[in-house]
Amino acid sequence: MFRRKSKQRARERATEYATCKDFQQIFTEDMVGLHRLAFLLTADHAKAEQCFVAGLEESIRGNPVFRQWARAWSKRAIIQNAIKMIAPVPPKNGAVRAEAMGMRSERGPEDAATNIAAWEPFERFVFVMAVLEGYSLRECSTLLACPVQDVMAAKSLALQRLAAQTSLEPAAAEVETIPWPAVFARAQVA
C-alpha cells in the first residue's frame with residue numbers, strides 16, 4: 001500500500017517537469033526570439049547559432065525543470081552559453097570609450113539590434129540581461145562574475161547610448177519606461 005502511493009506520487013511529480021518534447025516545442029515556437037537573444041548577446045550570426053543549439057541541447061539534458069519554468073530556463077541556457085563563448089568583462093577602472101556617448105545614429109529603432117551588436121560585449125550583455133530580459137542587477141552581477149557597481153554603470157551607459165542612437169532622447173527617468181521589447185520585436189537581425 002505504502003509503495004503503491006509512493007510510486008504514484010513519483011509519477012505525478014515526473015509529469016510536473018518539462019520533457020525533451022516540451023523543450024523542443026519551446027525552441028520551435030520561440031525560435032526567432034531565442035535566436036535574436038543569442039545574436040544580441042554574441043553580435044555574430046554564427047556564434048548566435050552555436051548558442052541557440054547549445055541552449056537547446058543543455059535544456060534537453062539539463063536538470064529537471066518545472067514545466068512553468070521551461071521557457072525561462074531556455075533563455076537562461078542561451079545566456080549562459082553566450083557568457084561562456086564571449087566571456088564579457090567590465091572595462092578596467094570603469095573606463096568608457098570616448099565615442100560611446102557622442103555616438104548618434106541616423107538609423108531608428110528598426111536597426112536597434114544592429115546598433116547594439118556594435119557595443120562592447122560587457123555593456124551589450126548587461127543591457128540584454130537587465131533591460132530586455134528583466135534580470136536584476138544582482139543576477140547580472142552573479143552571472144557575469146563582476147561587482148554590482150560595474151553592472152549598474154554598464155546599464156546606465158547602455159540606456160543612454162541607445163537613447164542617443166535611436167534619437168529618442170528621453171529624459172533619464174523616462175529611459176526605463178521605453179517599451180524595449182517592442183522596439184526589438186521590429187528589429188531585423190538577419
Interatomic distance, [X] atom [atom1] to [Y] atom [atom2] [nearest 0.5 angstrom]:
X: L41; Y: M129; atom1: CG; atom2: CE; result: 8.0 Å
X: K21; Y: T28; atom1: NZ; atom2: OG1; result: 11.5 Å
X: S74; Y: Q24; atom1: OG; atom2: CD; result: 11.5 Å
X: C140; Y: I83; atom1: SG; atom2: CD1; result: 8.5 Å
X: C20; Y: E57; atom1: SG; atom2: CD; result: 11.0 Å

Residues which pass side-chain contact (heavy atoms from CB on, under 4.5 Å) with [X], listed by chain and number, not counting sequence neighbours:
X: K84; value: E58, N81
X: S156; value: Q160
X: V148; value: L137, R138, S141, M152
X: A38; value: A48, C51, I78

So, for [X] and [Y], which heavy atoms are closest and what is the spacing to 0.1 Å?
X: L143; Y: Y135; result: CD1-CE2, 3.8 Å
X: L34; Y: I26; result: CD1-O, 4.3 Å
X: G55; Y: A77; result: O-CB, 3.8 Å
X: A130; Y: K155; result: CB-CD, 4.0 Å
X: A158; Y: E123; result: CA-OE2, 3.4 Å
X: R124; Y: A117; result: NH1-O, 3.4 Å

| field | Residues in ring-ring contact (aromatic ring centres under 6.0 Å, His included) contact with F52, at least two apart in sequence or another chain | value |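 In terms of ring-ring contact (aromatic ring centres under 6.0 Å, His included), with neighbours along the sequence ignored, F52 is linked to F27.
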
query: Stepwise, does the side-chain contact (heavy atoms from CB on, under 4.5 Å) test hold for V151 with C146?
result: CA-CA 8 Å; V151 174; C146 68; 3.6 Å; yes

- Apply side-chain contact (heavy atoms from CB on, under 4.5 Å) to F122 and D150, showing your working. CA-CA 9 Å; F122 184 76; D150 289 343; 4.1 Å; yes

Assess the residue pair T42 and Q50 against the criterion (side-chain contact (heavy atoms from CB on, under 4.5 Å)); give the C-alpha distance rounded to whole Å, side-chain angles, the decisive distance to 0.1 Å, and a yes or no. CA-CA 10 Å; T42 62; Q50 290 173 347; over 6 Å; no

In one Ile/Leu/Val/Met/Phe/Trp/Tyr side-chain cluster, 4.5 Å: [X], [Y]:
X: V32; Y: V53; value: no
X: L144; Y: V89; value: no
X: Y17; Y: I60; value: yes

*Show your working on side-chain contact (heavy atoms from CB on, under 4.5 Å) between L40 and F127 and close with a plain yes or no.*
CA-CA 9 Å; L40 286 172; F127 177 76; over 6 Å; no

- Message: Test of understanding: with salt bridge (Lys or Arg N to Asp or Glu O under 4.0 Å), list the residues that count as partners of R71, not counting sequence neighbours.
- Response: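 Partners of R71 by the salt bridge (Lys or Arg N to Asp or Glu O under 4.0 Å) criterion, ordered by chain and then number, come out as E29, D30.
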
For this session: Measure the acute angle between the ring planes of H45 and H35, then classify it against the limits of 30° and 60° as parallel, tilted or perpendicular.
Result: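 Because their plane-to-plane angle is under 30°, the rings of H45 and H35 count as parallel.
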
